[in-house]
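Beneath this line is the structure, given in structure tokens, with notes to follow.
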Amino acid sequence: MLEQDILAGLNSSQEQAVISKAKSILVLAGAGSGKTRVLIHRIAWLIEQSIAHEQNILAVTFTNKASHEMKQRASAILKVDLTQLWLGTFHGICHRMLRLHYENAGLKKNFQIIDSDDQLKIIKNIITELGFNPEFIEPKSVAHFINQAKDQALRSKDTKHRFPHRPDEFHDIYNRYQAHCDMAQLIDFGEIILRVYELLKNNDSIKDFYHKKFKHVLIDEFQDTNHIQYEWVKLISGKEATTFVVGDDDQSIYAWRGAKSDNLMQFKKEYIEPELIKLEQNYRSSNIILQAANAIISNNLDRLGKNLWSEKPEGEPIQLFDADSDTQEAQYAIETIKNLQNKGETNKEIAILYRSNAQSRLFEERLIFENIPYRIYGGFKFFDRAEIKDVLAYLRLITNKSDNQALIRIINYPARGIGKKALESIRDIAQEKSISFWDACLSIDQSQNTRTSSSLQKFIELISNLENEIASADLPDKIKATIRATGIQQALESKQEFSKVENLFELVSASENFRIDYEDIDIDQLDAFLSYAALDNGDTEDNDNAINLMTIHSAKGLEFNNVIVVGMEEGLFPHQRSVQELNGLEEERRLCYVAITRAKERLFLSYARNRRIFGSFISCIPSRFINELPIKEKENFISLSQSYNKPSTSTNTTKNYIGKQVMHKKFGLGIVLTAEGDDEHARVQVQFAEKGVKWLVLLYANLEIVN
DNA sequence: CAGCGACATATTTTT
DNA sequence: TATGTCGCTG
């Protein structure tokens, strides 16, 4: 492989980033500017030029998808299998480190990862145990509190003075929750990072090991890192390491989850003279689309500043559709799709993007009606399906008898006569003797001779026999045996739930394809698979040619020839609740920026004047983001509107004002937000550009409709 | 212990 | 509207 091949086709900024020899490098990469490419090519460059061996490189992403893609593309360029390269998600990398140093991290070899579902269940149990009222101490708030604390590297002993406004119960539950997880050898998502953070902080020899190992640390989507991830990056990079971070503050859309795009600035301040490289040439979108994106995002004040440009032609105008109703909007989307199909566009190059999941329904209905294949992203994850979790719970219990959560899940599924009462007494015994639920089961079994105890006896035998049976079997056989011996398959079949049975066999084939990536880890195949199930959503690349439906959040990182952004209305997008949050509006605007920049060739925007929300119709006004578009340049936009229901003329006139731009002699230019009343009582609420929001009686106000 | 009706609840969710 | 959770009853 020649040097030119790795650098071929890169623009000068991209090349600068790829070959930079600075100690710390901050790449501000605009949407569609080839950021993934730069990361991949830099890894290839470092290896190819023998600047670093692959085992001396650490590359971190946020999603499994991104890390898979990077690994694949990097090894394609180098034409080698990059087995020694540490490339993965924050959680994947940290999990690997915990497996390597489990003892130093205070864990046993068979520790397991729990998802947010399990976490919530444990918290609920603890709230009940402590006798708190879940009406006041909401399990979800507590979960959020705990996760937030862990994201800031805070243990329960620290939270009391850091969050003094929180009720004492929160701190107590956190304390108890962590004790429970430690006992059961379970770690939640936040814990994966926190444990490694503490491990590196407190164990110099392990830290030194990684400082010697990793000479190049590369982080993707840096704007999405939270506090502890940022600190983790600092900890794992030694004095000799080069730190290379890539991010885009304009695409920070996870601030509500604790992501701090400020970390980009922080990096600039904290690292010694980082080389700042901006990737501003966009290769993705037509110029008209790019100009629209730039216009939107320029309304944000909190920006590092970047101006995307493109050598691409203007391209096709953006279509703006003014729909009477949400159903008409759906109809519009379908017509648009059909037109695109007639132009030869394939379905997988068409996406419908919306702000919230509930909006997908109408589009689905129309697509089904028209027999157009579609795919919804971000819905159910394979490993989250109940039947899958049931099978895995059996295996979790077998591999780790102190996993109470797993036991609770399956002790009576399929039903075997161990009800609530029996479980209560198990819980009591476990609490009293400070033992696991499993050990509690064993102790009950010995002491009594009742109906429940014979059911328990059978349960214990089932688990023990299964454990023996699969002890030396390979992974797929372990799963097959579990499906069969536990009666899960039978239970589903008798309920005619055949698609769930199919999923069970999909689980078997998932295990057949599973292999442990890490040779350096001494880990049981089953433990590895269970962790994989917790950390990977099991999404498989599917190649069927279907229309893509997803939220804007899940569209980040993707691109399509044709993008239809629907529901561009005040209250929906920007979402009502975000407008009230601190900096919420700017995040919504970034979301809008992300939505627009997904489009390569054609962009369609639509809003509905009336929408059914929670059962009742409400009237809506177009999103402020529509007004922020450079619509004056008419040739760049096609505005479409169809009125099926002609508004009646004399009465009911206020409705015609909603959303319109109006001119008032005293107050100047404004936009009508809502209206009420008829005839001489008709009033409108106007948001004036300079004078704020006012209610005006139409009869006297002398409003002039501008557009 | 399953099944039903009452009741609240209703952004976004990389791991 | 639609979905999930809770508590009571058969």
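Numbered from 1 within each chain, the chains take letters A, B, ... in sequence-line order. Bear in mind that the values here come from a model prediction, so they are computed numbers and not experimental data.
Residue-level contact check: A:F90 touches neither bases nor backbone, having no heavy atom under 4.0 Å from any strand. Within the 4.0 angstrom heavy-atom criterion, no nucleotide atom of any strand lies near A:E191. Using a 4.0 Å heavy-atom distance criterion, A:I114 is classed as making no nucleic acid contact. Residue-level contact check: A:K381 touches the bases, meaning some heavy atom is under 4.0 Å from a base atom. At the heavy-atom level, A:S554 lies under 4.0 Å from the strands shown only through sugar-phosphate atoms. Within 4.0 Å (heavy atoms only), A:G417 reaches sugar-phosphate atoms of the nucleic acid but no base atom. Residue A:Q229 is out of contact with every strand shown, counting any heavy-atom pair closer than 4.0 Å. Counting any heavy atom pair closer than 4.0 Å across all strands shown, A:D224 reaches a base atom. Residue A:N357 is in sugar-phosphate contact alone, with no base atom involved, counting any heavy-atom pair closer than 4.0 Å across all strands shown.
For B:dT14, the OP1/OP2 oxygens have no side-chain nitrogen or oxygen of A:N64 closer than 4.0 Å. At C:dT1, one or more side-chain N or O atoms of A:R612 fall inside 4.0 Å of OP1 or OP2 (strictly under the cut-off). Distances shorter than 4.0 Å separate some side-chain N or O of A:R361 from OP1 or OP2 on C:dA2.
Residues A:E569 and A:R609 are not paired through a salt bridge, judged by the lack of any N-O separation under 4.0 Å between the basic side chain and the carboxylate. A salt bridge between A:E559 and A:R284 is present, with a side-chain N of the basic residue lying under 4.0 Å from a carboxylate O of the acidic one.
For B:dT15, the base has a donor-acceptor partner in the side chain of A:R257 [N/O atoms by modelled type, under 3.5 angstrom].
The side chain of A:T551 approaches B:dT13 more closely than any other nucleotide in the set B:dT11, B:dT14, B:dT13. Each of B:dT14, B:dT13, B:dT11 was ranked by its minimum atom distance to the side chain of A:W256; first place goes to B:dT13. Taking the side chain of A:H553 as heavy atoms from C-beta on, and the options B:dT14, B:dT11, B:dT12, the nearest nucleotide is B:dT12. Of the candidates B:dT11, B:dT15, C:dT1, the closest approach to any side-chain atom of A:S116 belongs to B:dT15. With distances taken from any side-chain atom of A:A415 to the nucleotides B:dT11, B:dT15, B:dA2, the minimum falls on B:dA2.
One interatomic measurement links the two molecules: CD1 of A:I192 to C1' of B:dT14, which rounds to 13 Å at whole-angstrom precision. The distance between atom CG of A:L362 and atom C1' of C:dT1, rounded to the nearest whole Å, is 11 Å. Atom-to-atom, NZ of A:K124 to C1' of C:dG4 comes out at 10 Å; the value is rounded to the nearest Å. The distance between atom CD1 of A:I146 and atom P of B:dT15, rounded to the nearest whole Å, is 22 Å. Here the C1' atom of nucleotide C:dT5 and the CG atom of A:L120 are 12 Å apart, to the nearest Å. If you measure from atom CG of A:D536 to atom P of B:dT14, you get 12 Å, rounded to the nearest angstrom. The nearest whole Å value for the distance from the CG atom in A:L591 to the P atom in B:dT14 is 14 Å. In this structure, the CD1 atom of A:I552 is 9 Å from the C1' atom of B:dT12, given to the nearest Å.
For the P atoms, the distance linking B:dT13 with C:dG4 amounts to 16 Å, nearest Å. Rounded to whole Å, the separation between the C1' atoms of B:dT14 and C:dT3 comes to 25 Å.
Proximity of the aromatic rings of A:Y210 and A:H101 is defined here by a centroid distance below 6.0 angstrom, and this criterion is met. Remark: aromatic rings of A:F514 and A:Y532 are close, center separation under 6.0 Å.
Counted within 6.0 Å of CD on A:E129, heavy atoms from surrounding residues, nucleotides or ligands total more than 12; the atom is thus considered enclosed.
Nearest-nucleotide mapping onto DNA chain B: of A:K556 and A:G419, the residue sitting toward the 5' end is A:G419. Toward the 5′ end of DNA chain B lies the nearest nucleotide of A:R416, the other residue of the pair A:R416 and A:E138 mapping further downstream.
B:dT12: glycosidic angle beyond 90° from 0, hence anti.
In this structure, A:H575 packs face-to-face on the six-membered ring of B:dT11, meeting both the 5.5 Å centre cutoff and the 30° plane limit.
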- Please report the C-alpha distance between A:K150 and A:F189 in whole Å, then the side-chain angles of each, then the deciding distance to 0.1 Å, and finally whether the side-chain contact (heavy atoms from CB on, under 4.5 Å) criterion is met. CA-CA 9 Å; A:K150 289 190 176 188; A:F189 290 139; over 6 Å; no
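With A:D224 as the fixed residue, the side-chain hydrogen bond (donor to acceptor under 3.5 Å, both in side chains) test singles out one of A:K556, A:Q229, A:K260: A:K556.
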